[in-house]
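Right, one structure below, let's go through it.
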Amino acid sequence: MQLRDIVSNPYLTRGEELLGIIYKLRMVSAEQLSVIMGISKKYVFQLKSDLNKEGEMVLTHYNTQRGARRVPFSPEYKLGPRMYSLGPSGRAIVEAIVGHPVYLKKLTGRQKVHYYGVNDILVRTLQHLIKEEGGEKDSMAQLQAWDRLQWLNSQEAVEIINQAWTPILENRKKKEEKETKQDLIHPDSRIVLDGQGFWLEYDNGTEQIGEPDSEPDSEGKVTTIYDKMWRYLLTLIPIENHDPIIWVTPSPIRRDNMKHTWEKVKEESSYKTYPEMYFCTPGEEQTIFFKHKLATQRCLELSETY
DNA sequence: CATATTGGAACGGAAAGATT
DNA sequence: AATCTTTCCGTTCCAATATG
């Protein structure tokens, strides 16, 4: 069960839907929830308030700092939005929805900004699709948009990669298998748009590329961009996955630095082909998604003429 | 009609800023 | 550094409206 199976699921109440989405996204702002659920921000507040009358369902993480550092929030915010995460009382409800045990991981301060940035890629894409399907208040448009969109969180993206690696690892020793699996990349998210998959990396770090990434990955490892790019190659090339990788960062300087780092990685390696990598500031990724869509459409049209 | 959703206005928690 | 004050960003209560 993935995000889109929770959104507008007729078997769930709005409250359950809210908890399910918070679980899938780990941390999310009220505004983002309102777009994802297709309701007003006000109603999100109402649902949260009602839920918390039954226990600690939704936890609030107060305003993320908005200092000198570049941050993905809209300029209307002087501080940051509050972020919600799943509270202890919500756990059992979410377990009933997804059908497996759920663990509440501790979330640190910097992760708030990170999740906000990752979620916003989803929010922008969803809004784009809803517009294409003909309207914001139209619930039909919402459903059709979700028909065209899949969103997998980091853990779900890793599961896909692990599955693809399983046949390769079968003949290897257990220890080696474990080591290889640990070296595989952990994308921040995977999005599938009209059948085209993309791996997503959201980066909120400083302009210095060589510096260790300030955001440790899910295993607590501290990595550099350079390192991550190598891991993408080592992960995707053996399983012949050709989905593009989209890097999103709020800093244009960092975006350009990443581009250079990628050129360097390509020079230092010797593969025949490379996955496509794109480097964007928030919002620019929509052009990539759209361009890709047109490209695949043209291919289809061409093949149909034969 | 019942339930789902939104609106209005007073209220509150946390962080930033000011003052001692 | 400790305490007070202000600001930000919601939160809450409850009534009004929309929707099936």
Side-chain angles (χ1 to χ4, degrees), chain A residues 3-91 93-94 96-97 104-124 126-127 129-131 133-147 204 206 214-215 250 282:
Chain A
L3 183 68
R4 72 167 172 191
D5 303 314
I6 294 174
V7 175
S8 302
N9 184 325
Y11 297 104
L12 301 178
T13 65
R14 282 298 204 182
E16 289 163 344
E17 182 185 345
L18 187 82
L19 293 174
I21 296 170
I22 293 175
Y23 165 69
K24 283 292 182 188
L25 299 183
R26 299 295 312 281
M27 246 188 171
V28 55
S29 76
E31 184 137 39
Q32 294 174 332
L33 279 167
S34 78
V35 176
I36 292 164
M37 295 177 73
I39 59 181
S40 68
K41 202 169 153 185
K42 199 67 198 284
Y43 193 23
V44 173
F45 292 148
Q46 189 63 51
L47 290 168
K48 182 212 162 200
S49 168
D50 288 346
L51 280 166
N52 278 344
K53 283 172 188 160
E54 311 295 320
E56 280 189 297
M57 300 281 191
V58 179
L59 302 180
T60 303
H61 302 266
Y62 278 79
N63 47 345
T64 320
Q65 286 194 346
R66 188 186 156 81
R69 203 182 277 277
R70 229 167 222 285
V71 121
F73 311 135
S74 60
E76 294 92 73
Y77 282 113
K78 297 211 168 165
L79 303 169
R82 296 174 194 180
M83 297 291 281
Y84 299 153
S85 69
L86 189 62
S89 310
R91 185 175 160 177
I93 295 173
V94 171
I97 295 171
L104 301 176
K105 288 176 194 161
K106 282 237 167 158
L107 297 155
T108 65
R110 273 195 62 72
Q111 285 175 302
K112 292 181 217 166
V113 188
H114 180 77
Y115 282 118
Y116 187 92
V118 176
N119 296 341
D120 244 20
I121 302 172
L122 165 64
V123 168
R124 283 191 296 272
L126 186 56
Q127 283 173 327
L129 288 173
I130 289 170
K131 211 169 189 178
E133 295 298 329
E136 258 133 77
K137 287 154 210 152
D138 182 5
S139 64
M140 204 56 214
Q142 303 259 345
L143 288 177
Q144 282 162 353
W146 281 105
D147 261 355
N204 214 33
T206 57
S214 44
E215 186 73 31

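Throughout, protein chains are lettered first and strands after them, A, B, ... in sequence-line order, and every chain is numbered starting at 1.
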Legend entry - Span of DNA chain C, from the first to the last nucleotide whose atoms fall under 4.0 Å of chain A heavy atoms: C:dC8 to C:dC14
Please state how far atom [atom1] in [X] lies from atom [atom2] in [N], giving the value in whole angstrom units.
{"X": "A:Tyr62", "N": "B:dG12", "atom1": "OH", "atom2": "P", "result": "13 Å"}
{"X": "A:Phe45", "N": "B:dT5", "atom1": "CZ", "atom2": "C1'", "result": "15 Å"}
{"X": "A:Leu79", "N": "B:dG13", "atom1": "CG", "atom2": "P", "result": "18 Å"}
{"X": "A:Asn52", "N": "B:dG13", "atom1": "CG", "atom2": "C1'", "result": "14 Å"}
{"X": "A:Asp50", "N": "B:dT6", "atom1": "CG", "atom2": "P", "result": "14 Å"}
{"X": "A:Met37", "N": "B:dT5", "atom1": "CE", "atom2": "P", "result": "8 Å"}
{"X": "A:Glu17", "N": "B:dT5", "atom1": "CD", "atom2": "C1'", "result": "13 Å"}

Just by distance, do the side chain of [X] and the backbone of [Y] share a donor-acceptor pair under 3.5 Å?
{"X": "A:Asn204", "Y": "A:Gly117", "answer": "no"}
{"X": "A:Ser89", "Y": "A:Glu56", "answer": "yes"}
{"X": "A:Asn63", "Y": "A:Arg82", "answer": "no"}

Inset, instruction - Compare the minimum distances between each of B:dT5, B:dA15, B:dG12 and the side chain of A:Arg82, then state the nucleotide with the smallest one. - result: B:dG12
Straight-line distance of [X] [atom1] to [Y] [atom2], nearest 0.5 Å:
{"X": "A:Thr13", "Y": "A:Leu18", "atom1": "OG1", "atom2": "CG", "answer": "9.0 Å"}
{"X": "A:Leu51", "Y": "A:Leu19", "atom1": "CG", "atom2": "CG", "answer": "5.0 Å"}
{"X": "A:Met37", "Y": "A:Ser8", "atom1": "CE", "atom2": "OG", "answer": "8.0 Å"}
{"X": "A:Leu3", "Y": "A:Tyr23", "atom1": "CG", "atom2": "OH", "answer": "12.0 Å"}
{"X": "A:Ile39", "Y": "A:Glu17", "atom1": "CD1", "atom2": "CD", "answer": "7.0 Å"}
{"X": "A:Gln46", "Y": "A:Lys41", "atom1": "CD", "atom2": "NZ", "answer": "15.0 Å"}

Legend entry - Below 4.0 Å: OP1/OP2 of B:dA4 and any side-chain N or O of A:Arg14: no
Inset, instruction - Determine: side-chain N/O of A:Ser40 to OP1/OP2 of B:dT6, distance under 4.0 Å, yes or no. - result: yes
Inset, instruction - Applying side chain to side chain contact (heavy atoms under 4.5 Å, CB included) between A:Gln32 and each of A:Leu122, A:Asp120, A:Leu25, report the one that passes. - result: A:Asp120
Legend entry - Five-pair end axes of the helix from B:dC1-C:dG20 to B:dT20-C:dA1, angle between them (10°): 10°
Legend entry - Pair A:Lys48-A:Thr60, side-chain donor/acceptor within less than 3.5 Å: yes
Please list, for nucleotides 8-10 of chain B, all pairs of protein and nucleotide N/O atoms separated by less than 3.5 Å.
from: B:dG8; atom 1: N7; to: A:Lys42; atom 2: NZ; distance (Å): 2.9
from: B:dG8; atom 1: O6; to: A:Lys42; atom 2: NZ; distance (Å): 2.6

